[in-house]
Amino acid sequence: MDRVILHIDMNAFFASVEQQANPDLRGKPVAVVGSGHRTVITTSSYEARSFGVKTGMAIWEGKRACPELIIVVGDNKKYTDASRQIIAMMRQYTPLVEVFSIDEAFLDVTHSYALFGTAETIAHQLKTRIRDELGLTCSVGIAPNKLLAKLASDMQKPDGLTVIAPDRIKEVLESVTIGDLCGIGRKLERQLNLLGIKKCGQLGRFPADILSRKFGIIGPRLRQMGQGIDNSPVVATEGDEQVKSIGHSMTLGKDIDTRQEILRYLLQLSEMVGRRARRYGVTGRTVSIYVRFADFFTNIQKQTTLNSHINQSGAIYKTAVRLLDGMEISQPVRLLGVCLSNLEYQEQQPSLFAEERRQEQLARAMDAVNDRFGDFKVTFGSMLDTEEKGSHVISPAWRPEGIRSMGLAASQSCTIRTPACCSRHETL
Amino acid sequence: MNFKIDRDTFLKALQKVQGIVEKRTSMPILSNILIEAQGDSLEILATDLEVGLKGSYPAKVETDGRITVGAKKLYEIVKELPNQEITFISKENDWVEITCGKVKFNIVGLPSDEFPAVASVKDAQLLELEASLLRKMIEKTSYAICNDETKYNLNGIFTRVEQTENGQVLKMVATDGHRLSIASGAFSGTANPELLKGVILPKKGVYEIKKITDEGDGLLQFGFVDSSAVLKKGDTTLVMRLVDGEFPDYTRVIPAANDQIVKAPREELIHAVRRMAILSSEKFKGIMLEIEGNGVKISSSNPELGDAMEELDVQYDGTPFSVRFNARYLLDVLMVAESQHVLMKFKNELSPSIVTPDSDDELLAVIMPMRL
């Protein structure tokens, strides 16, 4: 039996939420930016897009494209609240809701027919409810699998509803450019273009052995993608889903190049990671750090696995510094990230040594104060003159409940991304 | 080099050094053993640069000489040889010919001058210890050695001779940061300065000492050369580099004011803890002890599996309280205590607890409870 999958993608999500919150912004070119010093445009309204304002532009670039552009500093809480409400609506139609990022989700409605009718009916109902209750629009794609559903929702924006029926898949794929498939990035597209592959149909017919030779184990998967085959299930996002890593990264206010400055940010990131790990009672054995340089293109990631599980900020920091010292910092640093993985969900065994117990108690006390009065209200002395604190990023792994996480390793190491791990970063 | 040796003697000698030889090493020579034939004996030496073991065995030596051969392969070969006399001949370019009855092996070795030197020992520098005492003390502490290599100062057993009102006492202490175990034994003779100050015997060396003491009781010689500890028993010499680090002041970890004392039958407690631990897992290691009157209620619960409870009669007349432990930590101590009963001394549910045998002072363990 063919599955029926819905992919729902909120249109210009952050900008639309802002326009709903403030009627003065409606119908005007709006760009949402992060709260840091040197942020980029994360989302712009469709009015702004018509002037050529794009995600990723610096504020001045946006203003140059559209002088009337209204800049709004993003408010994460507004977006997560809206997202939670939307997800709750989706769950009324099927328990199989896979929250893909803050503004995207997959729904498996194969077995919802008897109760709610066809996928189109469900899509129309959801679109109506989201518009009536939140004033937001979305694009919906309906197809027999996640790959095609996502492709379909991308075909008509904003406020679209696109169906790729099983008997039309072949015909559709003939005209779709391979880069439009979720999982084929710019680099991979270029490599495929060199083989003369431009459209999905060509990819699906391409000899499997050549693909295997060139791309290794992902070769056969690429060919399947070209044929529109994707068997990955819609995995319901559970509240207590066990995450695999806890990470934070931040784009710095200005490029930095002294060790002292890098260390200060590493400490801050370690504290953010440690605090979240402690909040959820997890410890991890693998620490990785991620450095992106000022040229925007070069980045290094290094990781190490310890013999014991840690979640104290100091221990994470110490490991991160060791990793940093093993790197060649050849140019100013633009972005830093720290990640804890290899996680264990385990009850805490306090240390036998009074000194270490005091450290643990201190961390708990600091966490309690910061939980109540806000992040970094009580913090390390060496971080006092750091201007920006906290990441202003909604992680691509954002989920309505549980630990928000960001897997540095996952997002950097895979060249091909199945829909399950491909999403975009919303930098606020 | 040319010698003949009894197959069983050779096999036992090779077996002994298998634990020392590095399996994965950046120095190929460390996968080898040094074989030296001289006079009427054969010396076999293995080292990983941290721990070295030398054994001396009777052999019919025709020509003296030295060679190194891969420890594992040689052991595999000798293990499969018929139980007859083995002839071992070194040839040009470090080849070795091994014949035994109608079997012949040619294997390639490495020149002996590449083999690292191991400190030589003069008997005069050594003091005497009873093998059985050392064995018991290692058993009572080695379970608590820390395996986390980043805490290198805890990767061994701290050994020291202390002066008490009852004379000199040999102490061995190990801890992994969550529990600590102290073994004590009578010590006679003159302690050398190293022992009075205290040394950390490395984990791997400790396990080798244990193997030597397992071979039989009797006296063994113990001492120090440079920054290594040396242990001799019969024709076997063990040398180990001491852990270069500061062992934490363990006396400060032993709580002084634990006056809530529970006396429990050891065997019964072991069985109860084992049963309750069945429901503990990687994630939920803890078992709960609720102590009230002359009874302790031991229980465990695991949201993924279910729960269990057991009651045990004990002697206790303090105020009721509850405490949680990692079941493994409790079991490890109970297993090495030798008495009928154990004393568990508590201050409260958040402070380090003491476990000791009730009838001797050879063992004292401190365990940190888990948070309730």
Counting only heavy atoms not in [X], do more than 12 fall under 6.0 Å of its [atom1]?
X: B/Asp249; atom1: CG; result: yes
X: A/Arg279; atom1: CZ; result: yes
X: B/Glu149; atom1: CD; result: no
X: B/Lys203; atom1: NZ; result: yes
X: B/Arg241; atom1: CZ; result: no
X: B/Lys204; atom1: NZ; result: yes
X: B/Asn348; atom1: CG; result: yes
X: A/Lys302; atom1: NZ; result: no

List the atom of [X], the atom of [Y], and the distance in Å for their closest heavy-atom pair.
X: A/Phe353; Y: B/Gly177; value: CE1-CA, 3.7 Å
X: B/Val253; Y: A/Leu352; value: CG1-CG, 3.4 Å
X: B/His178; Y: A/Pro350; value: CD2-O, 3.5 Å

- Item | B/Arg179 portion near chain A, given a 4.5 angstrom heavy-atom threshold | backbone
- The interface call for B/Ser351 against chain A, heavy-atom contacts under 4.5 Å, is neither
- Message: Just verifying a value: how many Å separate B/Asp148 CG and A/His309 NE2, rounded to the nearest 0.5 Å?
- Response: 11.0 Å
- Message: Suppose a student defines contact as a heavy atom less than 4.5 Å from any heavy atom of chain B. Which residues in residues 317-328 of chain A would they list?
- Response: none
- Item | Check: A/Ser351 and B/Met368 side chains under 4.5 Å, non-hydrogen atoms | no
- Where along residues 325-335 of chain B does a heavy atom come under 4.5 Å of chain A, listed by residue number? B/Asn326, B/Tyr329
